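Everything quoted here is computed from the prediction, not taken from an experiment.
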Amino acid sequence: MQSSSRPSSAKPKPVQLKVLVGIVLLEALALVGIAIFYAVALAAGQATVSPAGAVFTMVLLALVGAGLGAAGVFLWRGYRWTRSIVLVIQLFAATIGFPTATGGYVVYGLLILVPAAAAVVLLFSKPVFEVTQRSTKPPTGGSTSSD
């Protein structure tokens with residue numbers, strides 16, 4: 001007899017949520033990867049900015065990447081508060097991606113803008129919205145009278 005890790009009444013996750021979580025986790029991985037790049041450049045003495053600026057940027061990228069990764073995990077679990085974090089990060093991405101694209105680095109700008117736009121669209125899709133309406137309170141019944 002094998003026991004299933006998922007209860008039989010649990011619904012499968014919608015594809016929109018799977019794609020959204022994938023985007024969010026890839027963005028988090030990219031941020032942490034860039035933070036590692038900053039650490040390597042700093043250790044090799046090749047930081048293009050001041051060492052203090054490189055350390056600040058490295059720590060900021062690592063913290064935002066870790067936070068976004070955690071938000072992706074909790075988004076998968078259906079927590080409501082994760083939508084706010086994901087939305088704010090996507091808006092920040094848009095504020096970086098648009099000037100990057102219009103400043104002559106079109107490919108880099110699109111690499112930032114396209115996932116951010118897709119994440120915002122998916123974030124407000126009905127299936128994702130329904131999954132992230134997780135409540136800790138049991139539903140209350142209408143009438144308690146016994147006719």
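Hydrophobic clustering (ILVMFWY, side-chain heavy atoms < 4.5 Å, transitive): V131 and L87 are in one cluster. In this structure, F56 is a member of the same hydrophobic cluster as I34, with clusters built from ILVMFWY side-chain heavy atoms closer than 4.5 Å. Connection of F124 to I89 is established within a shared hydrophobic cluster, with ILVMFWY side chains joined at heavy-atom distances below 4.5 Å, either directly or through further cluster members. Put simply, V15 and L17 are part of the same group of oily side chains (I, L, V, M, F, W, Y) that touch within less than 4.5 Å, one to the next. Under the 4.5 Å side-chain heavy-atom criterion for ILVMFWY residues, no single connected hydrophobic cluster contains both I23 and L113.
Within the 4.5 Å cutoff, the side chain of Q90 has heavy atoms near those of the E27 side chain. L26 is not listed as a side-chain neighbour of P115, based on a closest heavy-atom distance of 4.5 Å or more.
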| query | Going through the checks in order, is the side chain to side chain contact (heavy atoms under 4.5 Å, CB included) test met by L61 and V32? | reply | CA-CA 6 Å; L61 289 169; V32 171; over 6 Å; no
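Y79 and F74 have perpendicular rings, their planes meeting at more than 60° on a 0 to 90° scale where under 30° would count as parallel.
With hydrogens and angles left out, the side-chain atoms of R83 and T132 include a donor and acceptor closer than 3.5 Å.
Of all heavy-atom pairs spanning L123 and V128, the tightest one is O-CG1, 3.9 Å. Across every non-hydrogen atom of A119 and L20, the tightest pair is O-CD1, 3.5 Å. Residues A28 and G69 approach most closely at CB-N, 3.5 Å, considering heavy atoms. Closest non-hydrogen pair, L25 versus V73, comes out as CD2-N, 4.5 Å. Nearest approach of V21 to L75, heavy atoms of both residues: CG2-CD2, 3.9 Å. Residue A39 comes nearest to M58 through the heavy atom pair CB-SD, 3.3 Å, listed as atom of the first residue, atom of the second, then distance.
Checked by atom type and distance alone, the side chain of K13 never pairs as donor or acceptor with a backbone atom of K18 at under 3.5 Å. Looking only at distances, no side-chain donor or acceptor of T57 sits under 3.5 Å from a matching main-chain atom of A54.
Contacts of L63 classified as side chain to side chain contact (heavy atoms under 4.5 Å, CB included), with partners at least two apart in sequence or in another chain: V59.
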Kindly list each side-chain donor-acceptor pair under 3.5 angstrom involving residues 96-112, sequence neighbours excluded, with atom names and distances?
from : atom 1 : to  : atom 2 : distance (Å)
T100 : OG1    : I96 : O      : 2.6
T102 : OG1    : F98 : O      : 3.0
T102 : OG1    : P99 : O      : 3.4

